[in-house]
Every structure is written in C-alpha cells, then in structure tokens.
Amino acid sequence: MSTPSADQLPLAPDGAPPQEDWEGAVAAVLRKSGRLTSDDPDSAAWGALTTTTLDGIPVLPLGTPDTAAELPDAGLPGQVPFTRGTTATRPFGSWDIRARFEDPDAELTAQHVTEDLENGVNSLWLVLGDAGIAIEDLDTVLEPVLLDLAPVVLDAPQRPVLAASEFVRHMVRRGVQPAAGTNLGANPIGHRDKRPMAKEVVRDVADLAVREGLKAVMVDGTAVHDRGGSDVQELAYTIAAGAEYLRLLAHAGHEPDVACGLIEFRYAATAEQFPTIAKFRAARRLWARVLELSHVDPAHQGQSQHAVTSRPMMTRYDPYTNMLRTTVAAFSAGVGGAGAVTVLPFDEPLGLPESFSRRIARNTSSLLAAEAHIAEVTDPAGGSHAVERLTEDLAVAAWELFGRVEEDGGLIHDLKDGSWDRAIAEVVQRRRDQVARRTRPITGLTEFPQVAETLPHRRAYAVPRQVVRHGADFENLRDQPAPHPLFVATMGTVAQHTARATFLTNLLAAGGITAHAVGSSTGVEDVLAAYHGEKVVALAGTDQAYAEWGPDLVAALRGAGAEHVLLAGKPVEGLEVDDNAAMGLDALAFLHRTRERLGVTADPDARARPTTESAR
C-alpha cells in the first residue's frame, strides 16, 4: 500500500484539521453511545468529554491554541520559572530510582537494601523510629551501602535530630563523603504543629546538614494526600510549609540562597495521568515564585522533587492491579519532571512488602526509563495546550489557597485551628460520593471485582498505617461478605439479558455478594425451575421482557418464597419491585440495603464514618 503524499492529506492550512470537523466526528460517536442527543450541537462534545478535578478544575479532552491563549511563558527546561524542569537534561537518561524501607527487622532490611541497590535502585528512603527501623539499627542497615554513591533520605518523625546525628556519626566513622542528594529529612511541621519545637529541630538538623554538605528538610505533601486531600491542597500545603521552613532557617542564621538548597519536596503521583504531570510542573513554578519573592538568586530557584506513587489510590482487594496504577503514576511523575521517583510495591496496602513485590516496584521505573526512554526527553508534555492550561489552573488555584493561608497567619496557625482538617474532610466526602456512585471507578474493587479471591498474606506494619484509601468503603463491605447468595432471574436469551445481568452481578460482587444466575430462559417456568428458595432475587432482562412477563415472574417468585425483589435497570411501569439498580445510582447505599436483606447487620453510620484505616 502506498503512502499518501502531503498534498493528498485532508489537513487545514496550518497542518491541523478544523476544530468543527473534530467536534462533528466526536459528537457522532457520542450520539451513538447515548452521551449526546440528536438535539445537542456538535460543540457539546467538549462538555461531554471534559472531566473535573475535586478542586473544580476542568481537564480538557483536547488542547487547542485558544486553550493556552495568554498563558505565561513557561520558559525552557533548566530556566526560571522551572515549569519545564530544573535541568535541561537528566543525568544518565533517568530519574533517581528511590526505594522505601521500613521493615523493623534490620537484618532483613539490610538484605533488601543490598538487593535493591544491586538491581537498579539509586537511593534509599529510610523510615526510622516507631513506624520503621530502630535508630540504633542504622549501622546494620547502612553497612553494605556505598554512601558516596547512593543518596540516603531519612524519615524519622519521632526523633529527627537523633536520627540525623546517628546518620552523620555513621558517615564520619566510615570516612565517606555523602552522595549528592542525601537528606537528613527533618519535617517537624509535617508531623507536629508546635512552632517552638519546629524551630529547634530545623536549627539543629540544618546545622548538621550545612556542616556535612547535606540537605536538611523534606516537605512532604503526602501528609495531605494520604489523608484524602486534593492536588491543589497538596500544592498549597507544600508551598506554605516551604515558606515556613525558609523563615525557620532564616531565624537559625541561614541566608535564603543557602536555605532553599537545604529543602526537598515530596509529592504523590497518582494514576490520573494529566493532573499528576501538571501538578509537578505547577509545583516548580510556585516554589520559584516564592524564592523570587524571597530575593533568592534565579540560579537557585529550582525545586528538588521526590515523587512517591499514591497510597490512597491502591486497593487491598485485587492488589495486583496496583502494579498498573503505579506504572501510570510513575510514568506521570517522570514526564512531569520529578527528580526522584519511588514506586510503592503493589502489596503495600496489605503489609510489609516482600522481595517479589519490591522487585516489581523498582523494575517499573527501570522499564519506563531504560526501555520506554521516558526520561530522555525533558518535559515531553511541554507545549501541549491541554497540559499547559491544566498546569496554569493548578498553579493559580494553589497560589490563591497559599495566599489565604499566609493571610491567616501561616501554615502552623491553620494546622492548629483545624482549617486544614475541615477543608480536607470536604474533599474526602466529595470523593467518597463519586466512588459510591461509581463515577470515579476503581478497577478490581468497584468495577470487575473478584468476589472469591484469596489475598496474599503479608507481615503487619510496626505501626498501623493511617491512609484514607479511595475505595475503603467498598473494602469494608468485602471484609464481611454476605452470608447468602442472591438469585438472578435472567430473562430471555443470553444476548437479551447479558448486559444488565453483567452490570448487576459486578455491582453485587463489589459489595461482597455472590449471585446465582438462571442462564437462558423463555418464561416463568424456566426461572422457577432454577430457583432454590433464595430470599432475595433480582430480574435482569430487556424492558420488553419486563413489560411482557415481568409481573407474572415477580408474583411467582414471591409465591415461591422470595421476600425482596430487585430490578436491573430503571423502574418499569406496572412492575412492582422493592428496589432497582441502574447507572448513576448510589451503589454503596444500594449494596448496604441489599446486604441487610441478605442477613448482614446494617451499620447506620457507615456512610458518615471517616475512612481512615490501617493497612492489614
């Protein structure tokens, strides 16, 4: 087949098809799927395909020059305002592959450290203290590490100064110069909101860091993300925390040009690809603006970024799908320009990860960087009208929230008066409602669940993990499966009932309910022959079947012992049932009602209770 020449291609003069042609083609498909009506104009395709973030920011299906009109100049990679990256190129064509370690078993952790460093990991993230490795075990964990080659980032919420001192002692004892990027990881604001203690911690850790040529502070946005906060809240929180640390470092005697180099930022990367890419780009622009206002030299205004794949997006059930989520998240963080990326193991919601899951996690980054060559192009999303628009919208919204925080008296003030808790709780509830209605689907949990799966066993964390997982409401249902099956009266041929029967059985499985379906049937007698006295039954068929023999079937099933009758689809006139399930319903409420009929004790406070829970 010959390739058409350029003059044969139906392109507009500027090389792009006219926008009206795109609208017409897309609208035609949307009308066939029922998402647009024949009365809707073609331009309605934009609204039908535009999604909205929890912050109310639109994510466009397609960018056009008008989309990005009058946006500020993003500059070039490695140049102010660093939207397009803090460097023009990545060293070695990759990002820093950073692994997290928190297993209290020091010998086993040392083994995992060695395995990871020998197989692609570049740097270490060590959780120290009650929730992880004992500080006194640092020597055991670090002994096999070439500290001049592998950067180490500490995370010691209870005793940050002691952890920093012990790390420096270990480093001095071995007589090594630390690798660039090593961070003592102090983050007192992220763990406590007492200003005097924050001053002392930052002063003591910064003094150590400056003396040894290390970073001192980690501003951790996952403190907001893990609690259910939005992208804008995470951005505003980190910029506000960064500003507080600049003040604390100035109080400790460090000039702004030095202080900014002591700070690193950690952000969550989710499977929502474009918002994640835009978030990392917006974060760099925001921080550069803060440093500009702090009179920091432009050469020092770049933001050091560490991405970690989202914990809340992960599921305990069907945990292997987490590999797919973390792959998209790592891709998005890499494209967004994160300097270091941590891919959490797929079994992270279940407990301490094992060698297999750790290998999959580190190889995710290796595959993206070395085989897919994601890191070889700096800011590949730069110039995309849709991404530039989303970056700008996130940055503006976060800057406005940051401004309100500063007007209130700063982040520490707002943490103390509960402002952040209330704001995050509102976002959590909005997300819960979307998940409950399955407009924010979670594969393997709210969609396509495996109701009889066996979960892999993992050792428990030293301290229960507090994470507001997006699917926690549905996980709670799965934790207590319904004791009795539900009978599904499939009406008509397989082709006639499959769509609604599949919709219903998947919905029921998401609530821990098994279903027994009839199969092909031609009338009431076929259905009754397969019925075994289940108390709860459901009808699944076409509207025509519902109208023609639905009333007789319902009467027959009730006469045979059925106490509660459900309908797959919208209510049908003349067909008396007790409940129905259709697209757009509050699936969680429906499942609670159905489970109660199947003998599961209903929890009247289930929808109001916070979803914070510990990993099992």
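Predicted model, so just to flag it, every value in this text is computed and none were measured.
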Student: Which heavy-atom pair separates Leu235 from Ala283 by the least distance, and what is that distance?
Tutor: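 Shortest heavy-atom separation between Leu235 and Ala283 comes out as CD2-CB, 3.6 Å.
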
Student: Backbone N or O of Ala472 within a donor-acceptor pair of the Asn476 side chain at under 3.5 Å?
Tutor: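 The answer is yes, because a donor-acceptor pair under 3.5 Å joins these two groups.
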
Student: Can you spot which of Gln466, Arg465, Arg311 makes a side chain to side chain donor-acceptor pair (under 3.5 Å) with Asp226?
Tutor: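 Single pass found, and it is Arg311.
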
Student: Look at atom CZ of Phe448 and say whether more than 12 heavy atoms of other residues, nucleotides or ligands are closer to it than 6.0 Å.
Tutor: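 For Phe448, atom CZ is not crowded (no more than 12 foreign heavy atoms under 6.0 Å).
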
Student: Which atom names give the shortest non-hydrogen contact between Ser310 and Thr270, and what distance separates them?
Tutor: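 Heavy-atom minimum between the residues: CB-CG2, 3.9 Å.
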
Student: Just wondering, are more than 12 heavy atoms of other shown residues or ligands nearer than 6.0 Å to CD in Gln544?
Tutor: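 Not buried by this count: 12 neighbours or fewer within 6.0 Å.
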
Student: Describe, in one word, how the ring planes of Trp22 and Trp46 are oriented to each other, choosing from parallel (under 30°), tilted (30 to 60°) and perpendicular (over 60°).
Tutor: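 Trp22 and Trp46: tilted rings.
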
Student: Would you say that more than 12 heavy atoms from the other residues, nucleotides or ligands in this model lie under 6.0 Å from the CD of Glu576, or not?
Tutor: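 No, not enclosed.
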
Student: Are Thr391 and Arg281 linked by a side-chain donor-acceptor pair shorter than 3.5 Å?
Tutor: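 Indeed, the side chains of Thr391 and Arg281 share at least one donor-acceptor pair under 3.5 Å.
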
Student: On a heavy-atom basis, which atom in Tyr237 and which in Asp220 lie closest, and how many Å separate them?
Tutor: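 Closest approach of Tyr237 to Asp220, heavy atoms only: CE2-O, 3.5 Å.
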
Student: Work out which heavy atom in Phe590 is nearest to a heavy atom in Ala581; give both atom names and the distance.
Tutor: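 Heavy-atom minimum between the residues: CZ-CB, 3.8 Å.
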
Student: Dump the intermediate steps for side-chain contact (heavy atoms from CB on, under 4.5 Å) on Arg98 and His306, then the final yes or no.
Tutor: CA-CA 9 Å; Arg98 183 171 297 172; His306 171 207; 3.4 Å; yes

Student: Looking at residues at least two apart in the chain, or sitting in another chain, which of them share a salt bridge (charged side-chain N to carboxylate O under 4.0 Å, His left out) with Asp526?
Tutor: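 Checked Asp526 against salt bridge (charged side-chain N to carboxylate O under 4.0 Å, His left out); zero matches.
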
Student: For Tyr317, is the OH atom crowded, meaning more than 12 foreign heavy atoms sit under 6.0 Å from it?
Tutor: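 Result for OH/Tyr317: enclosed.
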
Student: Grab the two heavy atoms, one from Pro104 and one from Leu352, that are nearest each other, plus how far apart they are.
Tutor: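 Heavy atoms of Pro104 and Leu352 come nearest at CD-CD1, 4.2 Å.
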
Student: Are more than 12 heavy atoms, taken from residues, nucleotides or ligands other than Arg31, located less than 6.0 Å from that residue's CZ atom?
Tutor: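 Atom CZ in Arg31 is packed in, count exceeds 12.
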
